[in-house]
Amino acid sequence: MTTTITGTAEAARDATPPTDQTVLRFITAGSVDDGKSTLIGRLLYDSRAIFADQLAALSRAKHKRAHLDHAGESIDLALLTDGLEAEREQGITIDVAYRYFATPRRKFIIADTPGHEQYTRNMVTGASTADAAVILIDATRVANGELLAQTKRHTMLAALLGIRHLIVAINKMDLVEFSEERFEQIRTAYLQFTKQLANRNIHFIPLCALNGDNVVQRSAAMPWYQGPALLALLEDLPAAAGERAFGLRFPVQYVLRADGHKADDFRGYAGRVEAGMVKRGDPVLVLPAGAGARIAAIRSGDRDVDEAVAGDSVTLLLDRDLDVSRGDTIVAPGSGARITKDITADLCWLDNEPFAAQRKYLLRQTTRTVPARVAAIESQLDIRTLQNMPAGSSLCMNDIARARFCLGQPIVCDLFDEHAITGAFVLIDSATNQTAAAGMIRAVRP
């Protein structure tokens, strides 16, 4: 395990803002009442990322959880993310709330995810596109070095979803008199729990989200901590590897026809470039059929462009007519895309209804939906020990397991560790149309 412990000396930061700002997506996660929403509110407030009308709305809010701003007026920073009426009434986060802000050094997309076990599925949604996770731990609730179950569950899910940077924010340090001993106790317990997680960068920060200690500015109350404040750390995290370096992956979402009655009618294939790049004239393959062609034109809106890169939504025109449908994937030759009807995947069960072998399921991966049967549940994960247990006959909500699937039709995929979008899927109960599970592909067979 690669572990980075922030706490030695604060690195010198470049005073000149970069000309090409990178976007960092991160989530906050942890147990109920660990202070996730308050932390985000404090981060936005102290970095001057809140508009005047938002502050006015906070001041008018009925449900205040008592915080004094610099002018002495009572506001509730958690309400910046707790927008649902039920969230304000109960004082908990239920749904994922996204917030956007920028500093001179970087742009950020924050996902405030629920802490209650009942809403773990919402946490998975927020974490699926994150580059980093801020795992909050209430310094007053770690008894004898034993972490809470939700802290362990969220850490494990972050690892399964391939989040490269874990920031352990040990919150409410003011309630333990800013004790370095308590900080070290929690840090040791967390490292002991995560020692089996490979290639993980873990950073530790003691803070008080309510008062702003070590959130945007370093805190004088904890002179023993010599690392950066949370915002400085987020600004300095390395950006994720660019999707452009991966081979072309273009799942076809729609087939566009202008008329359909003439041989020379317009035929375009609309979708989003999920990885790599494509240029006019490039050779491509349409999978799973394997037919080849060249890119005749690329259209973005109502104009032609010479190329498209990962993240662009475009329409591709080929130099020859092929049988291409929604769910097919256009790839670059030799880019390593896999075609398979037999996969092994890690599952996070999200449905209230437990898994049942006799039920019919659909597997939706990129734009393709195929019938799927769970051939075997190979193992289940004990989140308390990170050990694989013998598989049971059923999976219940929030269970994590490894399963083998037999698919009714082939899919075009990559391993999740190689590419998160083409290596992920959702499992749908065909009877209820409910999302049953989220899956990450770990192995494929021809």
Side-chain angles (χ1 to χ4, degrees), residues 2-15 24 26 28-31 33-49 66-72 77-78 103-106 108 110 132-148 151 155 165-194 200-238:
T2 301
T3 303
T4 303
I5 302 175
T6 303
T8 54
E10 185 169 7
R13 300 172 62 206
D14 187 359
L24 183 78
F26 70 94
T28 57
S31 191
D33 291 332
D34 280 349
K36 299 177 295 298
S37 298
T38 300
L39 174 62
I40 293 180
R42 172 55 67 186
L43 190 62
L44 297 175
Y45 186 77
D46 284 0
S47 62
R48 304 294 186 263
H67 171 70
L68 295 180
D69 69 355
H70 298 310
L77 295 174
T103 69
R105 292 175 56 83
R106 197 169 218 171
F108 298 95
I110 315 171
V134 179
I135 308 291
L136 269 81
I137 297 177
D138 185 339
T140 67
R141 299 170 70 185
V142 180
N144 300 319
E146 179 61 30
L147 303 174
L148 296 178
T151 301
T155 298
H165 297 280
L166 301 181
I167 301 172
V168 183
I170 301 174
N171 193 24
K172 304 185 183 180
M173 289 296 294
D174 57 320
L175 300 183
V176 294
E177 299 180 349
F178 303 103
S179 169
E180 181 180 7
E181 181 181 355
R182 177 61 62 88
F183 172 78
E184 289 295 333
Q185 179 189 42
I186 297 172
R187 184 182 70 87
T188 300
Y190 194 89
L191 288 175
Q192 178 66 24
F193 171 69
T194 57
R200 202 65 48 199
N201 297 304
I202 305 178
H203 313 258
F204 294 88
I205 298 180
L207 54 81
C208 172
L210 190 64
N211 299 326
D213 294 276
N214 285 337
V215 178
V216 171
Q217 299 292 334
R218 288 273 301 276
S219 172
M222 291 174 277
W224 45 266
Y225 172 72
Q226 297 298 308
L230 176 62
L231 181 59
L233 176 59
L234 291 170
E235 287 179 329
D236 289 337
L237 287 180

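These values consider heavy atoms only, across backbone and side chains, with no hydrogens, waters or symmetry-generated copies. Please read these numbers as outputs of a predicted model, since none were measured by experiment.
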For this session: Applying side chain to side chain contact (heavy atoms under 4.5 Å, CB included), name anything that partners Glu184, two or more places apart in sequence or on another chain.
Result: Glu180, Arg187
Problem set entry | Check: Leu166 and Asn201 side chains under 4.5 Å, non-hydrogen atoms | no
For this session: Mind listing the closest non-hydrogen atom pair of Ala221 and Asp213 along with its distance?
Result: CB-OD1, 4.2 Å
For this session: Report the C-alpha separation of Asn214 and Met222 in whole Å, then their side-chain angles, then the decisive distance to 0.1 Å, and conclude whether the side-chain contact (heavy atoms from CB on, under 4.5 Å) test is met.
Result: CA-CA 9 Å; Asn214 285 337; Met222 291 174 277; 3.4 Å; yes
Problem set entry | Shortest non-hydrogen separation from Met173 to Pro206 and the atoms involved | CG-CB, 3.9 Å
Exercise. Between atom CG of Leu230 and atom CG of Leu39, what is the distance when rounded to the nearest 0.5 Å?
Worked result: 6.0 Å
Problem set entry | Check: Ile205 and Val168 side chains under 4.5 Å, non-hydrogen atoms | no
Exercise. How would you list, by chain and number, every residue that makes a salt bridge (charged side-chain N to carboxylate O under 4.0 Å, His left out) with Arg141, sequence neighbours excluded?
Worked result: Asp34
Problem set entry | Side-chain heavy-atom pair Leu44, Ile110 within 4.5 angstrom cut-off | yes
For this session: Of all the heavy-atom pairs spanning Val142 and Gln185, show the shortest one and how long it is.
Result: O-OE1, 4.4 Å
For this session: List in chain and number order the residues that pass salt bridge (charged side-chain N to carboxylate O under 4.0 Å, His left out) with Asp138, two or more places apart in sequence or in another chain; answer none if no residue qualifies.
Result: Lys172
Exercise. If we ignore angles and hydrogens, is there a donor and acceptor under 3.5 Å between the side chains of Thr155 and Tyr190?
Worked result: yes
Problem set entry | Trace of the salt bridge (charged side-chain N to carboxylate O under 4.0 Å, His left out) decision for Asp236 with Arg106 | CA-CA 9 Å; Asp236 289 337; Arg106 197 169 218 171; over 6 Å; no
Exercise. Rounded to the nearest 0.5 Å, what separation is found between the OG1 atom of Thr194 and the CG atom of Leu147?
Worked result: 9.0 Å
Seminar exercise, completed: Between the CG atom in Asp174 and the OG1 atom in Thr140, the distance rounded to the nearest 0.5 Å is 9.5 Å
Seminar exercise, completed: So CZ of Arg218 and CG of Leu207: to nearest 0.5 Å the spacing works out to 13.0 Å
For this session: Quick one: closest heavy-atom pair of Val134 and Ala169, and the distance?
Result: CG1-CB, 3.9 Å
Problem set entry | Phe204 side chain reached by Ile167 side chain, heavy atoms, under 4.5 Å | no
Exercise. Are Leu43 and Leu231 close enough that some pair of their side-chain heavy atoms sits under 4.5 Å apart?
Worked result: yes
For this session: Assign the ring pair His165 / His203 to parallel, tilted or perpendicular, where the plane angle (0 to 90°) is split at 30° and 60°.
Result: tilted
For this session: Compare every heavy atom of Gly35 with every heavy atom of Ala209, then report the nearest pair and how far apart it is.
Result: CB-O, 4.4 Å
Exercise. At what distance, to the nearest 0.5 angstrom, does CG of Asn171 lie from CG of Leu210?
Worked result: 8.5 Å
Exercise. Can you tell me how far CD1 of Ile40 sits from CZ of Phe26, rounded to the nearest 0.5 angstrom?
Worked result: 6.5 Å
Problem set entry | Ring centers of Phe178, Trp224 separated by less than 6.0 Å | no
Exercise. Under 4.5 Å between any side-chain heavy atoms of Val176 and Phe183, yes or no?
Worked result: no
